[in-house]
Amino acid sequence: MNLRSFEQFQEGAAHAGVIYYYAGCFDGDMMNVLSRALKDKLEYENVSGPVKRKLFSSFVEMAQNILHYGGAPGNGTCPEPGKPGAIGMGQAEQSYWIACGNLVPSEQVERIHGKLTALKSMSLAEIKAAYRQQLANDEHEATDAISKGAGLGLLTIARDSTQPIEFEFVPHTQSAGRFSYFYLKTVI
Amino acid sequence: MQAIKTVRTDSTPEVIFNPVHNTLFIAGECYPENPNLFFQPIIGTMQAHFDNKVSAKFYARIRLSYVNSASTKSMRQLFMVLNEAAHAGCAVDIDWEFDEEDDAIQDLGEDLMHGLGVTWLNFNEAPFVA
């Protein structure tokens with residue numbers, strides 16, 4: 001990379017209000033490094049207690065989503081069980097945003113799209129009710145073969161977001177359609 | 001009966017289970033990569049403790065500052081074990097401590113209790129000022 005590219009990258013990040021950003025391989029060790037760095041950054045920025053907790057929670061859910069469900073094209077850049085992805089946090093006037101991007105197998109796009117579309121139209125009360133119902137759903141593991149967690153990750157992110165969560169899927173041309181790039185953003 | 005004492009880490013809470021005094025203490029943050037690996041030994045030991053003999057009383061003090069979504073299922077299992085012991089005649093008290101500004105942990109306690117349906121637990125919300 002030449003310095004001009006770096007300058008453009010830096011200007012773009014500053015314009016977007018980015019105060020924290022990582023792109024690369026996600027695995028268990030990196031998760032610990034990123035968690036600690038984010039906590040330190042939130043302390044440094046003097047973020048208030050409840051907002052800090054919500055930002056950290058959304059970060060953990062997003063990063064663990066990448067770790068557990070992210071696609072790995074297997075081209076050697078991110079050895080298994082690592083998953084390539086990016087996560088960033090930034091400030092916009094009165095609020096903070098967190099966004100992440102990672103690969104997902106293209107056949108799962110419809111499923112994730114459906115879940116997020118439903119979430120977007122729900123009120124906070126509906127999200128809380130759905131969370132409560134899902135927490136008590138002990139059949140989840142048996143009925144959802146893809147989910148590895150409690151099925152509560154996206155609900156947790158949506159619950160803390162002050163605006164409807166935003167998402168986008170972009171075809172990943174390098175893998176000839178096997179994967180799509182999945183972007184997710186929440187505002188706190 | 002086996003006691004448990006885990007040291008607090010960045011992503012897992014301190015857990016102290018004392019089978020002689022019939023107490024459980026959990027404090028810290030909880031977001032391990034694999035919650036089952038962390039919780040199963042604890043929940044298994046608690047289950048074996050109550051299966052062996054239902055004590056007259058049990059006291060759990062839980063002071064979590066953050067729980068990730070995957071770990072909430074393990075918390076549900078823990079509550080179910082305690083609820084079964086209470087149903088079998090043990091007087092189980094849970095002090096659910098949380099930062100009074102943190103409605104997420106308060107909500108989690110209420111959601112866990114709601115998820116039990118009929119409950120014999122004595123559940124006390126104990127907000128504190130951080």
Side-chain angles (χ1 to χ4, degrees), chain A residues 26-40 48-69 81 124-125 127-141 147-160 188, chain B residues 8-13 28-40 43 63-81 83-84 96-119 121 127-130:
Chain A
F26 282 74
D27 59 22
D29 288 341
M30 185 47 72
M31 184 67 203
N32 293 336
V33 171
L34 292 174
S35 304
R36 186 169 292 200
L38 184 75
K39 276 185 182 171
D40 288 348
S48 76
V51 172
K52 192 162 61 181
R53 203 269 313 151
K54 287 177 181 178
L55 286 169
F56 187 69
S57 171
S58 298
F59 162 83
V60 169
E61 297 302 333
M62 284 182 173
Q64 289 187 337
N65 270 349
I66 296 175
L67 218 62
H68 294 149
Y69 309 118
L124 180 60
I127 291 169
K128 284 189 172 188
Y131 182 97
R132 182 172 271 197
Q133 193 179 10
Q134 181 63 11
L135 179 61
N137 172 15
D138 296 324
E139 308 299 315
H140 177 68
E141 268 179 59
S147 176
K148 292 170 194 155
L152 292 164
L154 293 175
L155 282 166
T156 300
I157 294 170
R159 196 184 53 188
D160 284 338
I188 288 155
Chain B
R8 183 173 175 164
T9 71
D10 278 349
S11 60
T12 55
E29 293 191 296
C30 190
Y31 55 101
E33 194 186 336
N34 187 338
N36 284 337
L37 283 181
F38 179 74
F39 278 104
Q40 276 323 311
I43 291 167
R63 187 187 180 100
L64 291 162
S65 49
Y66 169 61
V67 183
N68 75 332
S69 73
S71 297
T72 56
K73 282 285 174 179
S74 299
M75 291 302 299
R76 170 168 165 79
Q77 285 171 17
L78 178 66
F79 269 57
M80 287 167 90
V81 169
N83 197 37
E84 279 166 27
W96 185 259
E97 302 184 349
F98 54 89
D99 177 352
E100 66 171 5
E101 285 195 333
D102 189 356
D103 52 358
I105 296 293
Q106 183 176 14
D107 285 352
L108 176 61
E110 288 169 7
D111 289 346
L112 286 166
M113 287 303 290
H114 186 266
L116 292 176
V118 182
T119 179
L121 296 172
F128 61 84
V129 180

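Naming convention: chains lettered A, B, ... in sequence-line order (proteins, then strands); numbering from 1 in each chain. Source: prediction; values computed, not measured. FYI, side chains are in, hydrogens and waters are out, and symmetry mates aren't considered; it's all heavy atoms of this structure.
- For B:Met80, the part sitting under 4.5 Å from any heavy atom of chain A is the side chain, from C-beta outward, and nothing else.
- Side-chain contact check for A:Leu135 versus B:Leu108: some heavy-atom pair is nearer than 4.5 Å.
- Annotation: maximal heavy-atom pairing with chain B below 4.5 Å, among A:Met31, A:Gln133, A:Lys54, A:Glu61, occurs at A:Glu61.
- Between the OG atom in B:Ser71 and the CD atom in A:Gln64 there is a gap of 7.5 Å [rounded to 0.5 Å].
- Interface summary for chain A: among B:Leu112, B:Asp107, B:Asp111, the most heavy-atom pairs under 4.5 angstrom belong to B:Asp111.
- At a threshold of 4.5 Å between non-hydrogen side-chain atoms, the residues A:Asn32 and B:Asp10 do not count as touching.
- In this structure, the portion of A:Ser35 lying under 4.5 Å from any heavy atom of chain B is its side chain and not its backbone.
- Of all non-hydrogen atoms in B:Gly115 and A:Ala136, the two that sit nearest each other are CA-CB, 3.9 Å.
- Heavy atoms closer than 4.5 Å to chain A are found in the side chain of B:Asp103, but not in its backbone.
- The two residues A:Gly28 and B:Glu33 make their nearest non-hydrogen contact at CA-OE1, 3.3 Å.
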Test A:Lys128 against B:Glu110 for salt bridge (charged side-chain N to carboxylate O under 4.0 Å, His left out), laying out the working first.
CA-CA 11 Å; A:Lys128 284 189 172 188; B:Glu110 288 169 7; over 6 Å; no

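- Taking all atoms of both residues into account, the shortest heavy-atom contact from B:Ser65 to A:Arg53 is O-CG, 4.2 Å.
- Heavy atoms closer than 4.5 Å to chain B are found in both the backbone and the side chain of A:Ser57.
- Neither the backbone nor the side chain of B:Ser74 comes within less than 4.5 Å of any heavy atom in chain A.
- Nearest heavy-atom pair, A:Arg159 versus B:Ala104, reported as atom, atom and distance to 0.1 Å: NH2-CB, 4.4 Å.
- B:Asn68 touches chain A through backbone and side chain together, each having a heavy atom under 4.5 Å away.
- When heavy atoms are compared at a cutoff of 4.5 Å, B:Tyr66 approaches chain A solely by way of its side chain, counted from C-beta outward.
- Nearest heavy-atom pair across A:Gln134 and B:Lys73 is O-NZ, 3.0 Å.
- Proximity to chain A is absent for every atom of B:Leu116, based on heavy atoms less than 4.5 angstrom apart.
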